[in-house]
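Working notes for the structure below.
FYI, side chains are in, hydrogens and waters are out, and symmetry mates aren't considered; it's all heavy atoms of this structure.
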Amino acid sequence: MDSLTNMKKTIILKVNCENPEYEKITFAAKIIRNGGLVAFPTETVYGLGADALNPEAVRGIYLAKMRPLDNPIIVHISSKSDLYRLAEDLPKYAEDLMIRFWPGPLTLVLKASSIVPRVTTGGLDTIAIRMPKHKVALALIEASKTPIAAPSANIAGRPSPTMAEHVIQDLFGRIDLILDAGPTSIGVESTVLDLTHDPPQILRPGGVTYEELRKVLGKVMIHPAAIAKSEVPVEHARSPGLKHKHYAPKADMIVVEGDFNAIIEKIRELAYQYLKDGKKVGILATNESLGRYELGIIKSMGSREDLKSAARNLFKLLREFDDDGVDIIIAEGVPENGLGLAIMNRLRRAAGYNVIRVS
Ligand code: TXA
Ligand code: MG
């Protein structure tokens with residue numbers, strides 16, 4: 001971290017998530033226009049925003065987050081006309097996807113136009129674009145009269161922020177403003193879909209599911225690293241985000257996957273062993289298994305029948321385990337359909353691919 005002399009004065013403003021106050025949005029937009037950094041809510045996670053067309057401002061994002069300069073940033077827009085300025089050579093299905101999923105948690109990777117600074121795209125000739133579905137985000141982009149580059153508003157490598165409190169933990173003193181509109185509704189990030197690839201390829205599973213994309217596209221691929229159960233080599237050129245360390249709590253973490261009852265047995269056994277070794281244990285359970293553990297700090301992500309709740313709670317619970325000071329988090333795997341694909345991707349990566357399969 002930089003010394004205290006480099007600290008910024010960070011203002012925190014509560015904003016109404018349904019009817020964002022005009023003066024507060026105008027104030028935030030002025031900061032964006034002046035090249036500053038504003039954290040704001042989206043429907044997925046909080047983003048750390050800067051003017052996407054101002055290279056100096058975008059450089060500030062990388063610095064504040066301590067993000068590797070080769071990891072490109074998603075550009076957020078509030079109207080489709082922005083897309084045609086930022087991207088070119090749109091494939092035929094781009095239009096269908098925008099109609100079906102925007103505003104919403106789908107990010108499209110397209111060929112970048114010449115107005116996009118290379119620092120925004122991490123040096124690539126492609127650009128990732130999305131139109132968020134959150135009134136505060138849309139109002140801020142509109143008032144700023146420029147597309148807003150925004151990665152998740154966490155220190156690089158940490159779990160993404162789903163509440164303003166998480167942004168404060170990571171970035172207070174490093175950015176200009178935090179707009180606090182309460183917890184986000186989806187809780188995992190957008191799906192990143194590469195449209196420069198034919199058929200389109202999911203680089204990161206997220207809020208829009210593989211099943212939903214298949215209905216529109218017919219054929220969709222998933223990047224092998226996005227569903228890998230262990231670390232796989234990644235070619236940098238197309239999917240830089242896949243190779244960086246991510247979502248990691250401070251504690252060590254293990255994910256146990258497989259048959260539900262076998263998962264519970266294995267976690268009971270591991271919890272006992274770790275406790276015997278003097279470790280403080282956290283168990284990331286589900287509503288259906290909650291009553292079957294006795295040892296350690298036990299938290300539920302939500303019901304296996306409703307993975308939306310699990311997605312919404314996941315990052316918050318990882319941060320809570322850190323606050324509890326646990327040495328090891330043992331997490332239950334969930335089925336990989338629907339949002340389960342995004343949840344398992346985050347869990348495995350948070351655990352550094354420390355995965356145990358049981359049957
Ligand atoms: O839901 C979200 O997407 C949130 C909110 C704030 O919108 N944003 C977010 O940004 O998660 P970030 O920077 O944490 O993740 C962006 C991902 C990274 O994996 C990055 O590598 C990938 O998108 N990405 C960005 N531009 C890309 C490009 N041109 N080609 C391939 N991948 C790209
Ligand atoms: Mg991120």
Side-chain angles (χ1 to χ4, degrees), residues 41-47 105 134 151-167 169-170 182-192 202 204-210 226-229 241-242 244-257 260 263 267 281-290 293 296-324 326 328-356:
T42 78
E43 76 280 26
T44 57
V45 301
Y46 275 75
H134 192 294
S152 50
N154 50 280
I155 293 286
R158 299 260 302 135
S160 296
T162 56
M163 310 197 298
E165 287 77 6
H166 302 156
V167 183
Q169 275 177 5
D170 279 19
T184 61
S185 57
I186 296 180
V188 291
E189 303 88 339
S190 63
T191 302
V192 178
I202 296 174
R204 177 179 72 182
V208 168
T209 64
Y210 167 76
I227 41 171
K229 296 181 172 63
L242 291 171
H244 291 289
K245 180 178 164 239
H246 248 91
Y247 317 118
K250 290 171 194 139
D252 288 336
M253 186 165 159
I254 303 176
V255 185
V256 183
E257 301 181 17
F260 182 50
I263 291 177
I267 292 182
V281 175
I283 297 177
L284 190 54
T286 45
N287 292 355
E288 288 80 359
S289 62
L290 211 49
Y293 303 113
I297 299 177
I298 306 152
K299 299 180 196 283
S300 173
M301 296 183 260
S303 168
R304 293 180 162 264
E305 303 297 314
D306 171 24
L307 290 176
K308 277 189 177 157
S309 62
R312 197 180 300 132
N313 290 322
L314 177 63
F315 289 135
K316 178 182 76 176
L317 294 179
L318 292 181
R319 281 178 184 258
E320 279 183 16
F321 278 126
D322 277 344
D323 297 339
D324 297 335
V326 304
I328 176 102
I329 301 168
I330 314 173
E332 284 180 11
V334 297
E336 275 177 286
N337 46 308
L339 279 175
L341 191 67
I343 294 169
M344 288 311 296
N345 166 275
R346 306 305 188 274
L347 282 176
R348 290 179 187 133
R349 297 190 68 193
Y353 295 104
N354 199 359
V355 175
I356 298 179

Can Val281 and Ile297 be said to form a side chain to side chain contact (heavy atoms under 4.5 Å, CB included), step by step?
-> CA-CA 6 Å; Val281 175; Ile297 299 177; over 6 Å; no
Candidate pair Ser160 and Tyr247, rule side chain to side chain contact (heavy atoms under 4.5 Å, CB included), full reasoning = CA-CA 7 Å; Ser160 296; Tyr247 317 118; 4.1 Å; yes
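Across all non-hydrogen atoms, the minimal contact from Pro249 to Ala350 is CD-O, 3.7 Å. Nearest heavy atom pair, residue Ser152 against residue Pro161, reads CB-CD, 4.1 Å. Between Gly333 and Ile263 the shortest heavy-atom distance is O-CD1, 3.9 Å. The heavy-atom pair separating Pro205 from Thr191 by the smallest distance is C-OG1, 4.1 Å. In terms of heavy-atom proximity, Asn287 sits nearest to Ser300 at OD1-OG, 2.6 Å. Across all their heavy atoms, Asn154 and Arg319 have their closest contact at CB-NH2, 3.7 Å.
With sequence neighbours left out, the salt bridge (Lys or Arg N to Asp or Glu O under 4.0 Å) criterion links Glu320 to Lys299. Taking the side-chain contact (heavy atoms from CB on, under 4.5 Å) definition, one finds that Thr162 meets it with Val45, His166, Thr184, Phe315, Lys316, sequence neighbours left out. Residues passing the side chain to side chain donor-acceptor pair (under 3.5 Å) test with Ser289, sequence neighbours excluded: Thr286, Glu332.
A distance of 3.5 Å separates CD of Glu257 from CE of Met344, quoted to the nearest 0.5 Å. Leu314 CG to Met301 CE: the interatomic distance, rounded to the nearest 0.5 Å, is 7.0 Å. Note that OG of Ser190 and CD of Glu43 are 8.0 Å apart. Values are rounded to the nearest 0.5 Å. Taking CG from Asp170 and CD1 from Ile155, the interatomic distance works out to 5.5 Å, rounded to the nearest 0.5 Å. Here CZ of Arg204 is found 8.5 Å from CG of Asn345. Values are rounded to the nearest 0.5 Å. Separating the CG atom in Leu317 from the CG atom in Asp323 is a distance of 11.0 Å, to the nearest 0.5 Å.
Of the candidates Leu318, Val326, Asn354, Leu318 is the only one forming a side-chain contact (heavy atoms from CB on, under 4.5 Å) with Met253.
Here the side chains of Val334 and Leu307 are in contact, with some heavy-atom distance below 4.5 Å. Looking at Ile330 and Val255, their side chains never come closer than 4.5 Å, going by heavy atoms from C-beta outward. Side-chain contact between Glu189 and Arg346 is present, with heavy atoms from C-beta onward closer than 4.5 Å. Using a 4.5 Å cut-off on side-chain heavy atoms (C-beta onward), Leu284 and Phe321 make contact. Residues Ile202 and Val192 are not in side-chain contact: their nearest non-hydrogen atoms beyond the backbone lie 4.5 Å or more apart.
The residues Arg348 and Glu336 are annotated as salt-bridged, a charged nitrogen and a carboxylate oxygen being separated by less than 4.0 angstrom. In this structure, Arg312 does not pair ionically with Asp306, as no charged nitrogen and carboxylate oxygen lie closer than 4.0 Å.
Panel note: side chain Glu288, backbone Arg304; a donor-acceptor pair is recorded below 3.5 Å. Formation of a donor-acceptor pair under 3.5 Å by the Asp252 side chain with backbone atoms of Ile328 is not found in this model. Side chain of Asp322 to main chain of Lys250: a donor-acceptor pair is present (N/O by atom type, distance under 3.5 Å, no hydrogens or angles).
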